[in-house]
Undergrad: 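Can you keep this structure in mind? I'll have questions shortly.
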Amino acid sequence: MTSKYNPKLIEKEIQKKWDQEKKYESKIDNREKYYCLSMFPYPSGKLHMGHVRNYTIGDVISRYKRMKNFNVFQPMGWDAFGLPAENAAIANKVSPKEWTDKNIENMKAQLRSLGFSYDWSKELRTCDSKYYKWEQLIFKKFYDAGLVYRKKSLVNWDPVDETVLANEQVIDGKGWRSGAQIEIKEIDQWFIKITKYADELLNSLDDLDWPENVKLMQKNWIGKSKGAEIKYKIENSDDCLIAFSTRPDTIFGVSFLAIAPNHPIAIQLSNKNKEIKEFLNKCKEIKAAEADIAKAEKLGIDTNIKVIHPFTKEKIALWIGNFVLLEYGTGVVMGVPGHDLRDYEFAKKYELQINQVIDTGKKSLPIVEKGKLINSQKYDGMTSDEAIKEIINDLVEMNSGSELIQFRLRDWGVSRQRYWGCPIPVIYDEESPKVIEKEEMPIELPELAEGSLPKPLNQNKSFINLENNLQRETDTFDTFMDSSWYYARFTSADNDDDIFDQNTKYWLPVDLYIGGIEHAILHLLYSRFFHKALRDIGLLEGDEPFKRLLTQGMVLKDGAKMSKSKGNTVDPQSYIEKYGADTVRLYMMFTSPPEQSLEWSESSVEGASRFLKKIWNLVDGRKFEIYDIDNNFSKEELTLRRKSHATLKKVENDYEVRFSFNTAIAAIMELINSIPEDFKSENASDYQKFCLNETIIFTLKMLFPISPHISEYLWNNFKVEGSDIESSWPEFKATLIEAEEFELIIQVNGKVRGKINLNKNSTQDMAEQAALTVENVKNFIGPSEIKKTIYVKEKLINFVI
RNA sequence: GGGGAUGUGGUGGAACUGGUAGACACGCUUGGCUUAGAACCAAGUGCCGCAAGGCGUGGGGGUUCGACUCCCUCCAUCCCUACCA
């Protein structure tokens with residue numbers, strides 16, 4: 001007697017069983033290890049579709065790898081510090097801690113209901129001092145290793161709320177809450193020398209099994225470029241300005257120099273000159289984000305200072321430009337309007353001279369490509385590359401410059417003027433800072449008084465002031481610090497005495513890391529840096545944290561990233577409740593390949609559910625039996641067996657090599673559709689039943705990683721003696737997959753005009769002759785002469801007439 | 001502005017190495033079952049055309065016997081742009 005598919009019931013039952021058996025707690029053993037990690041979530045309250053997608057991918061691979069007899073470690077935790085908790089606290093009058101704890105509880109229940117095979121015994125949360133005390137220790141070790149320093153840096157300042165705002169909190173130049181015009185302010189902040197590792201971060205990209213586009217993004221972000229630093233003497237002064245340029249061959253085309261608005265010279269001038277002061281104030285209205293600076297109208301002001309061109313000795317105007325970044329290079333750019341688009345527009349606007357010094361044959365300026373030098377004195381006629389070498393040589397000789405390798409990558413500012421983060425473990429004696437000793441860690445984040453709103457720590461007197469006039473640092477860490485080493489801490493998360501232990505050694509590196517493409521640069525680069533720095537300190541081994549990377553695309557709705565602020569979110573919970581976890585997981589995997597963005601569509605969830613019902617109806621009520629049969633299968637039976645084994649082969653490749661779950665599912669659907677009706681009937685022969693059973697066994701095994709509850713439940717009732725569905729992956733028989741015939745596609749002038757079945761050992765001659773007997777092919781060739789015949793073995797023949 | 005992707009039926013997508021474009025689904029149409037509906041089952045479904053056939057993978061151009069796939073160019077959308085995570 002068959003029953004109805006009831007996901008709610010069976011999913012609970014199966015999950016309970018997994019829990020009781022502690023099935024997914026991992027221990028060191030002698031199998032090959034596989035550390036499968038999905039990016040941990042920010043506990044925003046509810047899982048969103050992006051999470052469901054991310055974690056389903058991770059779970060599918062983890063379960064598949066377990067079936068392939070790997071010792072799999074799949075942990076989960078919480079990236080629990082961050083801005084949203086503070087915002088929620090202000091909006092709902094709950095403390096960030098309470099809000100976060102509650103969210104974690106909710107989301108954990110959701111993750112459990114989705115049937116993910118996590119090792120919860122290693123759960124961690126970054127807002128827990130058991131976690132961040134080690135982060136404070138890492139900071140100390142970095143400090144001792146000379147990787148930490150203090151520097152002035154820019155922040156968005158809201159003058160009404162008197163707080164520092166994140167870039168996303170500045171909307172059209174105004175504070176999101178107060179509506180006040182923001183100001184750029186310069187304050188002292190802690191920096192970590194990621195640039196010390198710039199070369200290694202660049203070079204070891206080659207060894208990573210990562211998507212090429214991510215490697216390319218990181219490469220461009222690090223931005224190693226070769227060029228020259230060129231000294232320009234300031235007229236009537238002993239001082240020099242040093243500009244960096246990747247194109248010293250254009251030096252005879254320089255018509256101005258521009259410095260950043262926060263360059264010391266600019267600030268100095270603003271004290272004497274009202275116009276400059278006004279200009280600098282105007283520059284302060286553009287928020288600190290690179291995109292905003294780049295998109296803003298290019299503005300400048302002439303300082304009336306002149307600098308001396310090192311070759312021509314001509315006087316060149318010195319400008320202040322709002323597009324110049326002090327953080328990048330020296331904060332001085334040389335303007336060559338003839339050969340740079342941005343400089344060209346700037347020169348047009350302010351009517352500056354535009355000189356052509358490179359010739360490529362192209363008529364209109366600017367010419368940004370390399371070419372032959374003109375109007376460049378003795379360098380005329382040289383190619384750009386020759387001239388670059390010569391000019392740098394001559395600059396060195398004149399003591400006016402040198403070759404310089406420059407990185408776009410900047411040091412990492414880790415200070416945040418916020419409450420809900422890891423306190424930076426520093427104490428000030430007067431002005432001089434000292435990182436505290438390990439024994440005094442953790443510096444715990446002070447709890448908020450009942451009902452009070454989160455405020456930056458510098459407003460918390462009892463936190464700041466210590467005995468003997470000592471004062472605490474009040475900045476907290478950038479939350480990217482928290483997420484830069486959690487992958488390693490997972491392995492030892494239950495160890496309170498040591499940051500890492502023998503488990504760390506066993507499980508690292510992460511074999512597969514899965515997360516959103518939006519983290520392609522920052523998070524992944526910071527983590528790579530952390531790993532290398534921790535290696536050099538002696539805390540970790542190996543050069544890279546993540547061996548292989550899978551970046552999933554965004555989940556979009558109406559063409560935009562799902563986000564609360566856009567109000568276009570779709571809550572997975574209602575779908576889990578209505579259809580069950582297996583359907584949601586199946587839908588997520590079926591609807592588009594993981595690396596592509598997924599446009600949410602309501603309607604096809606139903607289809608996923610329908611397919612599971614179909615599987616249920618096929619298997620439920622059936623029992624595995626051993627039949628007394630020989631090898632005399634009929635053609636139809638062999639066709640099903642071939643399909644079963646071929647599907648298994650394809651699915652294996654799709655899961656493991658291509659991460660192409662949608663095509664794997666499609667193949668399983670095809671297999672199910674191809675089962676002949678009479679094989680399923682009670683009157684089926686033993687041969688037919690044998691073939692059907694084989695198909696069922698393969699299908700349940702193949703489906704298990706994606707929809708584990710229904711697969712395991714049906715498997716247990718179907719019962720193949722002494723076996724657990726997760727214990728092994730079946731093996732396909734290559735000899736069964738081979739067919740005797742193939743379909744030959746017949747083309748005339750590249751267009752399909754016929755198809756015939758041929759034996760696999762047919763020669764080209766035989767194929768050609770057979771093809772020419774096809775009526776439609778004959779019609780298309782007609783009386784014309786066949787000029788050429790292209791034959792692709794066992795695939796296609798093309799007659800060119 | 002810079003960097004990285006993507007673009008294929010009414011919809012999500014498939015075509016893995018330059019070799020049958022549209023697998024597998026969703027939706028829709030027709031039929032069966034049903035008093036009716038839901039569910040399920042069967043058939044059909046890129047566009048134009050009575051048909052033969054022609055057209056067709058964002059637009060334009062190119063290479064090739066053959067292009068969704070390679071090259072050039074333009075357009076649109078998405079992600080990142082160092083303080084959202």
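Here is how names work: the chains are called A, B, and so on, in the same order as the sequence lines, proteins then strands, and each is numbered from 1. Note: hydrogens, waters and symmetry copies are ignored here, and every other heavy atom, side chains too, is used. These figures come from a predicted structure and were not determined experimentally.
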Undergrad: Is A:D411 salt-bridged to A:K193, going by a charged N under 4.0 Å from an acidic O?
TA: no

Undergrad: Which part of the nucleic acid, if any, lies within reach of A:E606 when heavy atoms closer than 4.0 Å are counted: base, sugar-phosphate only, or nothing?
TA: nothing

Undergrad: How do A:N776 and A:V164 order along RNA chain B: which one's closest nucleotide is nearer the 5' end?
TA: A:N776

Undergrad: What integer distance in Å separates A:M669:CE from B:A14:C1'?
TA: 13 Å

Undergrad: State which of B:G27, B:A82, B:C79 makes the closest approach to the side chain of A:W221.
TA: B:A82

Undergrad: Considering only B:C84, B:G3, B:C80, which nucleotide approaches the side chain of A:N167 most closely?
TA: B:C84

Undergrad: Does a salt bridge link A:E290 with A:R408, judged by any charged N lying under 4.0 Å from a carboxylate O?
TA: yes

Undergrad: Across the strands shown, which category fits A:K613 at heavy-atom distances under 4.0 angstrom: base, sugar-phosphate, nothing?
TA: nothing

Undergrad: Please determine if a side-chain N or O atom of A:K650 lies less than 4.0 Å away from the OP1 or OP2 oxygen of B:A23.
TA: no

Undergrad: With a 4.0 Å cutoff (strictly under), does any side-chain N or O of A:K755 reach OP1 or OP2 of B:U20?
TA: no

Undergrad: Distance check: side-chain N/O of A:N220 vs OP1/OP2 of B:G4, anything under 4.0 Å?
TA: yes

Undergrad: Base, sugar-phosphate or nothing for A:I745? Non-hydrogen atoms, less than 4.0 Å.
TA: base

Undergrad: Compare side-chain N and O positions of A:R408 against OP1 and OP2 of B:U81 and report whether any pair is under 4.0 Å apart.
TA: no

Undergrad: It should be established whether A:N749 places a side-chain nitrogen or oxygen under 4.0 Å from OP1 or OP2 of nucleotide B:G66.
TA: no

Undergrad: May I ask you to evaluate whether A:N662 reaches the phosphate of B:A23, defined as a side-chain N or O under 4.0 Å from OP1 or OP2?
TA: no

Undergrad: Can you check whether A:R610 has a side-chain N or O nearer than 4.0 Å to OP1 or OP2 of B:G27?
TA: yes

Undergrad: Would you call A:E677 and A:K680 a salt bridge, taking side-chain N to carboxylate O under 4.0 Å as the test?
TA: yes

Undergrad: Does the ring center of A:Y486 lie less than 6.0 Å from the ring center of A:W78?
TA: no

Undergrad: On the nucleotide B:G2, are OP1 or OP2 found under 4.0 Å from the side-chain N or O atoms that A:R342 carries?
TA: no

